[in-house]
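What follows is a set of notes on a single structure, which appears directly below.
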Amino acid sequence: MSVLVFVEGDNGKIKQSSQEAVSYAAAMQQSPVVAVALGSYSQDELAALGRNGADKVLHASDQQLDQGVIQAYASVLSLAMDSTGASTMVLARSSLADAVAARVSVMINGSLASNVIELPDQSDGFRVKRSIYTGKAFELVELLAARRVLTVKKNSVQLKEDGPSAAVEVFNPELNQEDFKASITATEKATGEVLLPEADIVVSGGRGLKGPENWYLIEELAAALGAATGCSKPVSDMEWRPHHEHVGQTGIKVSPSLYIAIGISGAIQHLAGVNSSKVIVVINKDPEAPFFKAADYGIVGDAFDVVPKLTAAINSLKS
Amino acid sequence: MKILVCITHVPDTTSRIAFKDDNTKFDDTGVQFIIGPYDDYALARAVELKDELNASITALHVGGAEADPTIRKALAIGADNAIRVNTPAEDSLNVAQQIAAVARQQNYDLILMGRESIDFNGGQVHGMVGALLDIPSISPVMELKIENRTAKMVREIEGGKEHVEVSLPLVAGCQEPIAEWKIPNMRGIMSARSKPLEVLEPVAADVQTASIKFELPPAKGAIKLVDADNVEELVNLLKNEAKVI
Ligand SMILES: Cc1cc2nc3c(=O)[nH]c(=O)nc-3n(C[C@H](O)[C@H](O)[C@H](O)COP(=O)(O)OP(=O)(O)OC[C@H]3O[C@@H](n4cnc5c(N)ncnc54)[C@H](O)[C@@H]3O)c2cc1C
């Protein structure tokens, strides 16, 4: 049975998380793997999804789909499920994919599992492991319906990059104008930054940095590492940093390979957003800071002294 | 203007998570339950809109009687009445179907809830309710204004925000900073006791998933501390031991 993957882009470039979702579908050992892209993309960009394991790419290129209108995306993806006869749809978790997946699952009368962290066990029914209690536990869940929708967390599978290029087919179902009731009137987006949920390395700062004027410490270290920048909740509450950088229980949940926390105490609500990182490094001047208990490596020291030295050491390693 | 706010009854964010009965059930021994933090934001915004738009607020919970104190808290914060659909919250679809059944009877203009619960972190119910009622669902919403039956919202996206407008009715999954959490005052707590809490029996609903087992993450190994004067050693460990840079 075929597996459908919703791939999402950022300015016409397919996101890394979507490439991971295609790799996830390819590793499910069901064929064919069909990626679905909505809106404007170049032919080459879509054909390159073959490297990640797509056999075919369906391209719904109507310009109305250039904007991520939740209801319209859900309808087009449901139609793609019907027309391909696919049994499973895979989406990489994102602000848009999360919102779309739930509607699709109802429209196709399927089972939905969100926050999936591993490949499914298909030996007896269809079971997946998902992250619950904000990363503090896991649930093994069986999907009972004949069709299923999975939203997959970052780093759930190894990125595949060795496949042959994929065939791109036009897929232009008739759009229902009722689905465009919600209109996106403006988008504000930082440019040139590494996106936090996509990042492989995240450097975060907390109240210990004393004020927004000191954020150059975080930004320079992040630049040296090619990392995204994050922060604790009080930092975004005080508007030292924009809200989309807030990590934790009530903010973004990240699962990078490396998370570096600077001047953050490690309150349980902050840890909830970072506990699925592979490696955690903590820099804090208080040896009793709870974050040290959740970290792999640590430096007890003043951020204003340690961070510039660390940035210099990384820069000299890279040069 | 009628607002429905759906609330979850979840362990406090500082709870120690443990399971019992061969890891098939959550162990609630000593756990304090709260209104889900995201639902609390939704409720806080509803209370602000109530004053602005002369609206009424119904708080809705799908679950057993153990949640009644949590529902009373929503009444103390500012909901006018409450409904509890008396059925265990089997899975997201089941909950969404119960919510949609109540909404079909009552024609709410605005259905608010948190972007996700903090126990199962599904983040699915708002979208499902929207699809079941065939009305727009928007999430995660960090700003919400209502002007002439049009909702003007800011939705968080990766690396920024998106401004969205849609006419009511609407389902919104909310998050901060949509409003500040509200702490109930004495008058609210007193009046909550006499506000109506109606218990409804569930409608027939589908169950499309089955929870098999829970598991805790493996314990972290011991931390390696590096001297503040020796950052090169940290770089070395990250490169050659952890292999992450
Ligand atoms: C329901 C709920 C949800 C929440 N959700 C979140 C969430 O999503 N994310 C989140 O982050 N928080 C969340 N919180 C808040 C959380 O409890 C903490 O208050 C918050 O994480 C603390 O932020 P902080 O570590 O930056 O600040 P602080 O706790 O003030 O810690 C500052 C740290 O900096 C260190 N420091 C000070 N100066 C220096 C220096 N010069 N060099 C090095 N270190 C220094 C100090 O030793 C201290 O450990 C939530 C709370 C609640 C109740």
Side-chain angles (χ1 to χ4, degrees), chain A residues 70-71 94-95 98-99 102-103 106-107 111-115 127 131-134 136-145 181-190 193 195 197 225 243-244 249-250 257-258 268-269 278-279 292 294-301 305-306 309-310 313-314 317, chain B residues 13-14 17 37-38 92-93 118-124 126-128 130-132 136-140 142 155-167 175-177 207-217 220-221 223-226 228 231-232 234-235 237-239 242 244-245:
Chain A
I70 295 166
Q71 249 178 308
S94 76
S95 160
D98 289 354
R103 293 191 76 106
V106 168
M107 293 169 83
S111 296
L112 172 57
S114 61
N115 254 331
R127 292 179 174 188
S131 166
I132 57 170
Y133 291 101
T134 325
K136 286 182 261 182
F138 305 107
E139 179 192 28
L140 185 64
V141 58
E142 172 137 18
L143 304 188
L144 305 168
K181 272 188 275 191
S183 66
I184 297 171
T185 53
T187 313
E188 299 165 37
K189 218 167 167 179
E193 270 182 21
L195 294 179
L225 289 163
H243 188 269
H244 65 257
Q249 177 91 58
T250 47
S257 305
L258 174 61
I268 191 161
Q269 296 95 354
K278 267 194 211 134
V279 173
F292 285 117
D296 302 281
Y297 302 100
I299 293 183
V300 178
D305 164 45
V306 175
K309 286 196 287 188
L310 182 58
I314 303 272
L317 172 80
Chain B
T13 51
T14 58
I17 304 302
Y38 293 113
S92 305
L93 180 64
I118 63 158
D119 50 2
F120 284 83
N121 301 113
Q124 310 166 0
H126 37 78
M128 289 176 163
L132 290 166
S137 53
I138 308 287
S139 176
M142 53 196 294
R155 195 176 147 257
E156 186 158 89
I157 56 174
E158 286 74 25
K161 23 182 149 164
E162 185 179 86
H163 296 253
V164 189
E165 290 187 16
V166 62
S167 57
Q175 69 165 41
E176 62 176 27
V207 172
Q208 302 277 45
T209 64
S211 185
I212 307 291
K213 228 177 179 46
F214 300 109
E215 171 182 315
L216 293 172
K220 268 258 180 226
I223 183 172
K224 277 196 186 163
L225 285 178
V226 176
V231 294
E232 289 75 17
L234 178 62
V235 173
L237 287 166
L238 292 176
K239 183 167 168 53
V244 288
I245 59 172

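Order of the sequence lines sets the chain letters (A, B, ...), proteins ahead of strands, with each chain counted from 1. Treat the numbers as computed from the prediction; the structure is a model and nothing was measured.
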What option among [options] has the most heavy-atom pairs under 4.5 Å with chain B?
options: A/Asp98, A/Val300, A/Asp296; answer: A/Asp296
options: A/Ala145, A/Ala186, A/Ala99; answer: A/Ala186
options: A/Arg127, A/Lys189, A/Glu188; answer: A/Glu188
options: A/Leu195, A/Val279, A/Thr134; answer: A/Thr134
options: A/Leu143, A/Val306, A/Thr185; answer: A/Thr185

Worksheet item: Is it the case that B/Glu162 and A/Thr187 place a side-chain donor and acceptor less than 3.5 Å from each other?
Response: no

Discussion item. For B/Ser139 and B/Arg155, which I'm curious about, is there any donor-acceptor pair between the side chains at under 3.5 Å?
Written reply: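 Result is no, nothing qualifies.
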
So which of [options] has the largest heavy-atom pair count under 4.5 angstrom toward chain A?
options: B/Glu176, B/Met128, B/Lys220; value: B/Glu176
options: B/Gly130, B/Pro140, B/Ser167; value: B/Gly130
options: B/Leu237, B/Thr209, B/Val235, B/Val164; value: B/Thr209
options: B/Ala228, B/Gly221, B/Ser92; value: B/Ala228
options: B/Val166, B/Val231, B/Ile223, B/Ile118; value: B/Ile223

Discussion item. Is it the case that atom NZ in A/Lys278 sees more than 12 heavy atoms from other parts of the structure closer than 6.0 Å?
Written reply: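 Check fails, neighbour count at 12 or below.
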
Worksheet item: Should the heavy atoms of other residues, nucleotides or ligands under 6.0 Å from NZ of B/Lys161 be counted, would the total exceed 12?
Response: no

Discussion item. For B/Leu93 and A/Leu112: C-alpha separation, side-chain torsions, deciding distance, then whether side-chain contact (heavy atoms from CB on, under 4.5 Å) applies.
Written reply: CA-CA 8 Å; B/Leu93 180 64; A/Leu112 172 57; over 6 Å; no

Fill in: Residues which pass ring pair (Phe, Tyr, Trp, His ring centres under 6.0 Å) with A/Tyr133, listed by chain and number, not counting sequence neighbours
B/Phe26

Distance in Å, [X] [atom1] paired with [Y] [atom2], rounded so as to fall on 0.5 Å steps:
X: A/Phe138; Y: B/Leu216; atom1: CZ; atom2: CG; answer: 9.0 Å
X: B/Ser137; Y: B/His126; atom1: OG; atom2: NE2; answer: 8.0 Å
X: B/Gln208; Y: A/Glu142; atom1: CD; atom2: CD; answer: 12.5 Å
X: A/Lys136; Y: B/Thr13; atom1: NZ; atom2: OG1; answer: 6.5 Å
X: B/Glu165; Y: A/Ser183; atom1: CD; atom2: OG; answer: 5.5 Å

Let me know if [X] has heavy atoms under 4.5 Å from chain B in its side chain, its backbone, both or neither.
X: A/Ile70; value: side chain
X: A/Gln71; value: side chain
X: A/Ile299; value: both
X: A/Gln269; value: side chain
X: A/Ile184; value: both
X: A/Asn115; value: side chain
X: A/Leu317; value: side chain

Measure distances from [X] to the heavy atoms of chain A and classify the residue's part below 4.5 Å as side chain, backbone, both or neither.
X: B/Leu234; result: side chain
X: B/Tyr38; result: side chain
X: B/Leu238; result: side chain
X: B/Pro177; result: both
X: B/Ile17; result: side chain

Worksheet item: Side chains of B/Phe214 and A/Leu140: does their closest heavy-atom pair fall under 4.5 Å?
Response: no

Worksheet item: Does A/Ser114 have any side-chain contact (heavy atoms from CB on, under 4.5 Å) partners at least two apart in sequence or in another chain, and if so, which?
Response: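 Residues passing side-chain contact (heavy atoms from CB on, under 4.5 Å) with A/Ser114: A/Arg130, A/Thr151, B/Gln124.
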
